[in-house]
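Submitted below is the structure of interest, expressed as structure tokens.
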Amino acid sequence: MPKIVDHDEVRLKLAAATQRVIARVGAHGATLRAVAKEAGVSPALPMHYFDSVEEIVAFAFTTGANEEVAALHALVTQGGRDAAARLSALIHHLVGDGSKAQNEQMLQLLHFMAYSHERADLSALHAQWYERCLDLIAPLIAEHLAERPRTQSEPLASPRVEASILLAMSDGCGLQRLSSERNAQARQRACADLLRQRYGLTSADAADPGTASRSSATRRPSAKARAPRKPS
């Protein structure tokens, strides 16, 4: 009986391999041969699903963006948790604690962001992804501030601007990680602590940051919902 191949799963496997390659060497260093080696498949297999390395990189970019939005959505909508706990978990997700899995995802996003500005189609996709992230984060900040007003004299910016600050802090930690591994974990934890202090979050809020992290496999949406096959 012939083996049944799930082509959508193969495409996602190749996309994940592309993301790991890009995290190490950048988008311009990714080749179909390098992706195949990373995925543990024959060098010819990627060409059965993608016409060029540019196409597989674009698909990996789209896949990564969708996964990140899904992860953010899971964090901000966790049932049974108040806004403070969800915001603390979100900070942990965005800034991280220096773990290998979180940093790999952070580097992937940075490389994709830089590469997207060289291609109009990916630049538009990145802009849309960024706005979707703000749309998810800003209401949570607004909800938290409504539940626990700040007592400090200095006011916060609007929730949407605060959301952009969170994303900028995440990007900044990633850039520092690119430039130096030294004291990376300490820097990221210090940034997370500063953000929690900014929003009046307590140590109790920071406990149990939740199950939806950058490295969680549960954040990957269904392949059939996201990965159309290449036309034959």
Between SG of C133 and CG of L72, what distance do you get to the nearest 0.5 Å?
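The CG atom of L72 is 5.0 Å from SG of C133, to the nearest 0.5 Å.
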Please report the closest heavy-atom contact between H93 and A71, naming both atoms and the distance.
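Result for this residue pair: CE1-CB, 3.8 Å.
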Student check: side-chain heavy atoms of S88 and R196 closer than 4.5 Å:
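They are in side-chain contact.
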Testing the basics here: between E147 and A84, what is the closest heavy-atom pair and its distance to 0.1 Å?
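It is OE1-N, 4.4 Å.
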Taking every non-hydrogen atom, the tightest pair across A89 and Q78
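That closest heavy-atom pairing would be CB-NE2, 4.1 Å.
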Go through the steps to decide whether I137 and L94 satisfy the test side chain to side chain contact (heavy atoms under 4.5 Å, CB included), and finish with yes or no.
CA-CA 11 Å; I137 297 170; L94 290 174; 4.1 Å; yes
Can you tell me how the ring of H144 sits relative to the ring of Y199, calling it parallel under 30°, perpendicular over 60° and tilted otherwise?
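Perpendicular, since the angle between the ring planes exceeds 60°.
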S116 and L125: side chain to side chain contact (heavy atoms under 4.5 Å, CB included), yes or no, with the steps?
CA-CA 8 Å; S116 71; L125 175 64; over 6 Å; no
Keeping the roles fixed (side chain from T77, backbone from H73), state whether a donor-acceptor pair exists under 3.5 Å.
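Answer holds: yes.
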Are the side chains of E162 and R198 in touch, meaning some heavy atoms are under 4.5 Å apart?
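In short, these two side chains touch, coming nearer than 4.5 Å.
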Assess the residue pair L166 and V95 against the criterion (side chain to side chain contact (heavy atoms under 4.5 Å, CB included)); give the C-alpha distance rounded to whole Å, side-chain angles, the decisive distance to 0.1 Å, and a yes or no.
CA-CA 8 Å; L166 282 178; V95 178; 5.8 Å; no
Would you say the side chains of E131 and H126 form a donor-acceptor pair under 3.5 Å?
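No, H126 and E131 have no side-chain donor paired with an acceptor closer than 3.5 Å.
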Are L167 and V76 grouped together when hydrophobic residues (ILVMFWY) are joined by side-chain heavy atoms under 4.5 angstrom apart?
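Per the 4.5 Å side-chain linkage, L167 and V76 are co-clustered.
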Charged N to carboxylate O below 4.0 Å: is that the case for R119 and E54?
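Result for this pair is no, no salt bridge flagged.
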Should L136 and I165 be regarded as members of a common hydrophobic cluster, given that ILVMFWY residues are connected when their side-chain heavy atoms come within less than 4.5 Å of each other, either directly or indirectly?
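In one cluster: no.
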Test of understanding: clusters of I, L, V, M, F, W, Y form through side-chain heavy atoms closer than 4.5 Å, transitively. Do M47 and V35 belong to the same one?
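Looking at the clustering, V35 is in the same group as M47.
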Test of understanding: clusters of I, L, V, M, F, W, Y form through side-chain heavy atoms closer than 4.5 Å, transitively. Do V21 and L122 belong to the same one?
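Cluster IDs for V21 and L122 differ.
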With S123 as reference, evaluate H117, E118, Q128 under the side chain to side chain contact (heavy atoms under 4.5 Å, CB included) test and give the passing residue.
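Result for side chain to side chain contact (heavy atoms under 4.5 Å, CB included) with S123: H117.
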Spacing of CG belonging to L195 relative to CG belonging to L201, to within rounding of 0.5 Å
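Answer rounded to 0.5 Å: 9.0 Å.
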T63/Q19 under side chain to side chain contact (heavy atoms under 4.5 Å, CB included): CA gap, chis, key distance, verdict:
CA-CA 9 Å; T63 301; Q19 292 169 355; 4.1 Å; yes
P43 and A36: which non-hydrogen atoms are nearest, and at how many Å?
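Scanning both residues, the minimum pair turns out to be CA-CB, 3.7 Å.
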How long is the span from the CG atom in L87 to the CD1 atom in I91, to the nearest 0.5 Å?
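Taking CG in L87 and CD1 in I91, the distance rounds to 4.5 Å.
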Pairwise distance CD(Q108) to CD(E68) - rounded to 0.5 angstrom:
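One finds 10.0 Å between CD of Q108 and CD of E68.
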Flag yes if more than 12 heavy atoms outside R33 fall under 6.0 Å of its CZ atom; otherwise flag no.
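Atom CZ in R33 is not crowded, with 12 or fewer foreign heavy atoms closer than 6.0 Å.
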Determine the minimum heavy-atom distance between R86 and L75, stating which atoms define it.
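Scanning both residues, the minimum pair turns out to be CG-O, 3.6 Å.
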Does some side-chain heavy atom of M113 sit less than 4.5 Å from a side-chain heavy atom of D171?
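D171 reaches M113 side chain to side chain.
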Compare every heavy atom of L14 with every heavy atom of A39, then report the nearest pair and how far apart it is.
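So the two residues come closest at CB-CD2, 4.1 Å.
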Can you tell whether the side chains of K13 and E38 come within less than 4.0 Å, N to carboxylate O?
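So K13 does not pair with E38 through a salt bridge.
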Would you give the length of the straight line joining atom CZ of R24 to atom CD1 of I22, rounded to the nearest 0.5 angstrom?
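Spacing of CZ (R24) from CD1 (I22) equals 10.5 Å.
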Return the OH to CG distance between Y130 and D135, rounded to the nearest 0.5 Å.
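Taking OH in Y130 and CG in D135, the distance rounds to 11.5 Å.
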Test applied, ring-ring contact (aromatic ring centres under 6.0 Å, His included); reference residue, F59; option that passes from F50, Y49, F112
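Output: one option passes, namely F50.
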